Amino acid sequence: MRVSNLFGKTLRDEPAEAEIASHRLMLRAGLISQVASGVYSYLPLAWRSLRKIEQIIREEMDAAGAQELRLPVLQPLEIWETSGRSEVLGRDMFRVQDRRERPMVMAPTHEEVLTSHVKANVNSYRDLPLILYQIQTKFRDEPRPRGGLIRVREFDMKDAYSFDADDEGLDQSYQAMMRAYGRIYERCGLSTIMVEADSGAIGGKHSHEFIAPASAGEDTIVLCDSCGYAANVERAAFAKTATPPEEPLPLEEVATPGVKTIERLASYLDIPAWKTIKAVLYVADGKMVFAAVRGDLEVNEVKLKNALGGAQLRFAAPQEVAAAGLTVGSASPIGADAAIIADDSLRLGSNFVMGSNKDGFHLRNANFPRDFDADVVTDIALVQDGYGCRVCGGVLSARRGIEVGHIFKLGTRYSEAFDCTFPDHADALRPVVMGCYGIGVGRLLAAAVEQTNDEAGMVLPESIAPYKVWLTALNVEREDVAGAADALYGDLVDAGVEVLYDDREESVGVKFNDADLLGLPIRLVVSPRNIKRDVVEARRRTGGEATLVPSGEAAEYVRSLLSVR
RNA sequence: CGGGGUGUGGCGCAGUUUGGUAGCGCGCGUCGUUCGGGACGACGAGGUCCUGGGUUCAAGUCCCAGCACCCCGACCA
């Protein structure tokens, strides 16, 4: 491709709306163009990269024994009501009506349709196991799209679904997908960390995310420095420090005028935060929820939500708090008209200070469960950087990253909803055991740009760069230059090398800067200076010295530099 | 949905305070001079100033309503 013909211009100025590197660079280099919030067109350069990523995914999925198929975006709302997810997904789902006013949706994921097909096509244990996948557009009306391709409302996703006869089969399918994911990211030149994750709206009991470490990422994960434990903070378990044992003392009231926060309470009474109980008040499905954690910890809303069985959570409004008989700033679980969810850290201490439901007073020497009961006692605390590892006692450190893949053990949630069963060896009807596995293709590209860019521009990995070589001709208006560059371009094309030929009559600075901006792995320079010596100059985008190669050997030399041809 | 911000040629912005009918840089076109890290000169094209309503002799500017987009939070590949 000649740059003079390429659709998509580079921009000199930084696009104003872009904050993060991948968004800025992809706009500046002419890869993408915005259509609406969270909706982008992929221009030719981006589309080439995306197709390469898709191809790598396809090869690894096929190698893992998965079969590609294609499911529709447009689906009747009905099947989403069958699974109960019409309500779960709510306004995240784009809804449309057909001409007969039949309610339809633009699919945000495909468990429902595929399970219904599997029901019709799997009649025996002999038809299992099965892994099916597609690479296709998903629609999710995200509350807040952000960061260019990081979070969008229309995006391409590879989604795979496994169907097994039992949990052991699911384990094997899950492992196979896990390994395939590792290879996919490696081949794409992306560094990722697999972490334990919460399964969210997709459901299921067990899931892992693949996180590409990057400061622009939306996710926070913790890693153990000694045993390798890795988890999303939404899910991460950690060692809660035990506090010095004490003899339980009688409950008593203590005056705390104007004290509304744990920080103030601790300093007012001159006690450590871990001697207090923190109350955070939420409303879930119209019911008041009293979340209690030890004062030195924070509430993890995802864990709390799971403890409540997946209800929608929001902070309680002051009027609601009052209506439940609670006092803001000094809320007490004793006598509260609320579901009380206690973090298990409350069992690790004694003689706590907590609210009294009386403004200006707290209770001293509160002991759990002596003085109050909880509806649920579980882990609802949020991990923090530096906390201890629950597995080995090492130190957990926090990192930001981009979720580029997520795999789930679904179990029988969907197969039961769709009555997707099969007769086993003993002729007993059993629901198929499912797993599902997703990779966001555009997000993967954005993550790769986030991980590899420098001040001059993108430095895309060779395997997913839109072209391998940027051939630049300086002073193309000179016949000798144009002739030599055209000839080399022809040689490269004949040798099967993907090359972008910058044949524009632009100044050197413009041409070199554009080459750096797009950041193709190899840059070749044909110029009057090089022609005089009958050489071509070759240089890698990742740095190092330029090499002067005899013109006749240039195409072959370039091929030798490429690891993927 | 809550909070913050921005809408002016393709891109980046000024002009809004104090109303008088739109300007700069880049880019674009033609010609000439340049030519190894975003060159220079000359001439030129290109704008419903987000939308609707209002005030006014007159609105990019003031008032009202709405919309879009970005950023921070609650959600996800």
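We name chains A, B, ... by the order of the sequence lines, and we start the count at 1 in each one. Please read these numbers as outputs of a predicted model, since none were measured by experiment.
To the nearest angstrom, C1' of B:C31 lies 14 Å from CD of A:E505. The nearest whole Å value for the distance from the CZ atom in A:R12 to the P atom in B:C11 is 16 Å. Between A:D92 atom CG and B:C75 atom C1' the separation is 7 Å, expressed in whole Å. Rounded to a whole Å, the CG atom of A:N475 is 13 Å from the C1' atom of B:G37. The distance from atom NZ of A:K305 to atom C1' of B:A74 is 9 Å, rounded to the nearest whole Å. For the pair A:R151 CZ and B:C70 P, the interatomic distance rounds to 13 Å; values are reported in whole Å. Atom CZ in A:R533 sits about 13 Å away from atom P in B:G36, given to the nearest Å. When the C1' atom of B:A77 is taken as reference, atom CD of A:Q136 falls 13 Å away, rounded to whole Å.
Across all strands shown, B:C57 pairs with B:G20; the Watson-Crick or G-U wobble distances both stay below 3.5 Å. With a cut-off of 3.5 Å on both pairing distances, the Watson-Crick or G-U wobble partner of B:G44 is B:C28.
Taking the centre and axis of the six-membered ring of A:F94, the NZ or CZ atom of A:R153 falls outside the cone set by 45° and 6.0 Å.
Of the side-chain N and O atoms in A:R144, one or more sit less than 4.0 angstrom from OP1 or OP2 of B:C72. Between A:S507 and B:A39 there is a side-chain polar atom (N or O) within less than 4.0 angstrom of OP1 or OP2. Distances shown here put every side-chain N or O of A:S37 at or beyond 4.0 Å from the OP1 or OP2 atom of B:A68.
Base contact: A:R523 has a heavy atom under 4.0 Å from a base atom. Nucleic acid contact class of A:D219 (heavy atoms, under 4.0 Å, all strands): base. The residue A:G440 sits close to a base: some heavy atom pair falls under 4.0 Å. No contact: A:A18 has no heavy atom under 4.0 Å from any strand.
If you find the closest nucleotide of RNA chain B to A:R153 and to A:H406, the one lying nearer the 5' end belongs to A:R153. Toward the 5' end of RNA chain B, the nearer of the two residues A:D516 and A:E218, judged by each one's closest nucleotide, is A:D516.
Side chains of A:Q75 and A:W80: a donor on one and an acceptor on the other come within 3.5 Å. A:Y501 and A:N5 form no side-chain donor-acceptor contact under 3.5 Å, judged by distance and modelled atom types alone.
Closest to the side chain of A:R28, out of B:G36, B:G38, B:A74, is B:G38. In this structure, the nucleotide among B:C70, B:C76, B:C28 sitting nearest to the side chain of A:R140 is B:C76. Distances from the side chain of A:F408 to the nucleotides B:A77, B:A39, B:G36 place B:A77 closest. Checking B:G36, B:G38, B:C71 against every side-chain atom of A:E537, the shortest atom distance belongs to B:G36. The nucleotide whose nearest atom lies closest to any side-chain atom of A:A16 is, among B:C76, B:C13, B:C70, B:C13. Taking every side-chain heavy atom of A:Q34 into account, B:C70 is the closest of B:C70, B:G38, B:A74.
Between A:H117 and A:H110 there is no side-chain heavy-atom pair separated by less than 4.5 Å.
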*Kindly determine whether A:D159 and A:Q134 satisfy side chain to side chain donor-acceptor pair (under 3.5 Å), including the steps that lead there.*
CA-CA 6 Å; A:D159 46 324; A:Q134 62 173 342; 3.1 Å; yes

_Is there a ring pair (Phe, Tyr, Trp, His ring centres under 6.0 Å) between A:F315 and A:Y282? Walk through the geometry before answering._
CA-CA 4 Å; A:F315 281 119; A:Y282 295 90; 5.1 Å; yes

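Comparing the P positions of B:U61 and B:A65 gives an interatomic distance of 16 Å, to the nearest angstrom.
In this structure, A:F512 forms no aromatic stack with the base of B:G38, since the conditions of centre separation below 5.5 Å and plane angle below 30° are not both met.
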